[in-house]
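Because the structure is predicted, anything quoted here is derived from the model rather than measured.
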Amino acid sequence: MQGMRKDGGTMENGNQNYGRQEASGQGMAEGNDNDGRYTGNFFADMEYGLCKRCRRRSIDRSENPASVLCHDCREELIRLKIPPVFYIVGAAVILMVAFTLAVSAGGFRNFGSYNNAGGTAEEGYVLTAMDNLLEILEENPDNKDTAVKLADIGMEYGYYDYATYAIQEYLAGKEVSDFQYAKINRYITKLEIYYDTYDLYDEIWEEAFGDLSYADEAAISQEDIYARMEEVSRALSGYLGKDGYDQALLYYYLGSVSADSEEMAEYYEKCIELDPYYYDAQASIAAYYRRQGELDKARRQLEEIYAVNKESFEVLRVYATLELVEGNLKQGLDYALRAYELYPEGTYVIDTYVVALAANGKTDEAKEVVSEYEEDYIFDDDLYAFLNGEMTLEEYYIGD
């Protein structure tokens, strides 16, 4: 097992996507035993960053790594179910209103940022584009075109919490054009199916593991955990092919609860066949190929998804490990640093950054990072072995 936080949460390929949903026990790509079964901690509690809605509480990614909301805000939005209370006016009027609002609030600069947001997303800077749009909306909350643009990007690239927030906070109850009305209603239908599936998983997981607490972990046998994970998997499988459930998300969850790395990769493959913008699933597949020594496959996987989203910490982190193991040490450090700067609390991000520093001859700096986090984070023995020169990059990153 690698990199466990001392509060009990795993920190590497353990629990799911800054670009998408990750459930408790997900990301079992690394930390497997010789039988390919996951040996890490299934009970991760990851809450990092400030909620994009209330900006007071921490973002809750304990079950949905794609989330940008705290638990309370997310539950509130789900309860509201985004009622489709939209009214219809002409598109020309909406464009004029958006232009007037943009100019009146500082105006051409923001309007230009709005126009460029799509291009920024198309260049792979999806989070930057959405955060820019959020800034505009904070200054101009009545700018409906900007809210629609934010919903568009969130829906296209799989950041559904952003889309939900845009619709509920800035569009619900307001007038939009015929075209926007039809599009937003399609989004609402998709989001309701997505969140219904999300809640289904939550219920299934609670039924299987709800009687356990962090205090119980030491007493739980691996056999008991595997049995409960199988119970979750069987229950989820019963909804495959059923209308009203997000099939990509179901396959994602099936991969997340699989204790077998090959089976996990197969489920993730099915997930991204239906929706390629599950970034941590893409990264986990690439990590699986890397561990198998199939480096060309891993690179192809990463290159394709990196072209879409250059701000997924999972993709950046796994890209770093691939570059390192192939001897591209400087590039590996670059990717590792970007992942670390973007989201240091992400799964195995700290570990990867430490390894990349040491591999580039910055051993003292690597050890300083370890010292900084050691009080709250348990690094695995292999990392210390690598830092002490007792393990190669190939031994660290290839094989189970």
Side-chain angles (χ1 to χ4, degrees), residues 7-10 13-17 20-29 31 37-47 59-67 69-81 160-161 164 191-261 263-264 266-268 270-271 274 278 280-281 284 347:
D7 64 4
T10 57
N13 250 8
N15 286 34
Q16 297 101 70
N17 176 47
R20 208 50 164 265
Q21 47 292 331
E22 270 187 34
S24 296
Q26 196 276 347
M28 302 169 189
R37 297 198 303 174
Y38 180 66
T39 57
N41 187 335
F42 292 106
F43 308 98
D45 179 26
M46 301 170 65
E47 296 183 356
I59 292 174
D60 177 13
R61 294 192 175 100
S62 61
E63 295 177 2
N64 183 356
S67 183
L69 305 176
C70 66
H71 175 78
D72 291 348
C73 286
R74 175 190 168 274
E75 290 301 313
E76 181 181 346
L77 291 183
I78 291 174
R79 282 197 306 273
L80 292 172
K81 284 296 182 186
Y160 293 152
D161 283 347
T164 301
L191 289 168
E192 287 181 338
I193 291 172
Y194 171 80
Y195 283 118
D196 284 346
T197 308
Y198 184 105
D199 288 341
L200 170 70
Y201 172 82
D202 196 38
E203 293 168 7
I204 291 172
W205 181 271
E206 180 67 21
E207 186 172 343
F209 286 95
D211 62 317
L212 303 178
S213 67
Y214 289 137
D216 298 323
E217 293 175 24
I220 301 172
S221 68
Q222 287 293 327
E223 289 73 17
D224 185 15
I225 290 176
Y226 292 138
R228 291 171 186 246
M229 299 294 272
E230 281 296 323
E231 180 184 334
V232 172
S233 183
R234 282 194 301 272
L236 287 170
S237 296
Y239 292 89
L240 290 175
K242 286 189 176 181
D243 292 338
Y245 296 96
D246 189 314
Q247 297 299 298
L249 183 54
L250 285 173
Y251 279 118
Y252 177 86
Y253 284 142
L254 284 166
S256 79
V257 300
S258 176
D260 178 83
S261 58
E263 181 182 66
M264 175 210 70
E266 290 174 355
Y267 279 131
Y268 283 161
K270 291 177 180 177
C271 166
L274 296 171
Y278 277 69
D280 59 323
S284 292
T347 307

Heavy-atom pair with the smallest gap, counting every atom of S233 and Y267: OG-OH, 4.5 Å
Give the minimum heavy-atom separation between T197 and D246, together with the two atoms involved. OG1-N, 2.8 Å
Partners passing side chain to side chain contact (heavy atoms under 4.5 Å, CB included) against E203 (at least two apart in sequence or in another chain): none
Y239 versus I204: any side-chain heavy-atom pair under 4.5 Å? yes
Output all residues satisfying side chain to side chain contact (heavy atoms under 4.5 Å, CB included) with Q247, sequence neighbours left out; order by chain, then residue number. L240, Y245, L250, L274
Parallel, tilted or perpendicular, as decided by the 30° and 60° cut-offs, for the rings of F209 and W205: parallel
A side-chain contact here means heavy atoms from C-beta on lying under 4.5 Å apart; do T164 and Y195 qualify? yes
Let me see the working for L236 and Y251 under side chain to side chain contact (heavy atoms under 4.5 Å, CB included), right down to the final yes or no. CA-CA 9 Å; L236 287 170; Y251 279 118; over 6 Å; no
Would you find a donor on one side and an acceptor on the other, under 3.5 Å apart, between the side chain of S256 and the backbone of Y253? yes
Please identify each residue that fulfils side-chain hydrogen bond (donor to acceptor under 3.5 Å, both in side chains) with E230, with sequence neighbours left out. none
Minimum heavy-atom separation for S258 to M264, with atom names? OG-N, 3.5 Å
In Å, rounded to the nearest 0.5 Å, how long is the span from CG of L249 to OH of Y194? 5.5 Å
Side chain to side chain contact (heavy atoms under 4.5 Å, CB included) between D211 and R228, worked out: CA-CA 11 Å; D211 62 317; R228 291 171 186 246; 2.7 Å; yes
So that I know where these two stand, are Y268 and Y252 an aromatic pair - ring centroids less than 6.0 Å apart? yes
If every non-hydrogen atom of A248 is compared with every non-hydrogen atom of C271, which pair is closest and at what distance? O-SG, 3.4 Å
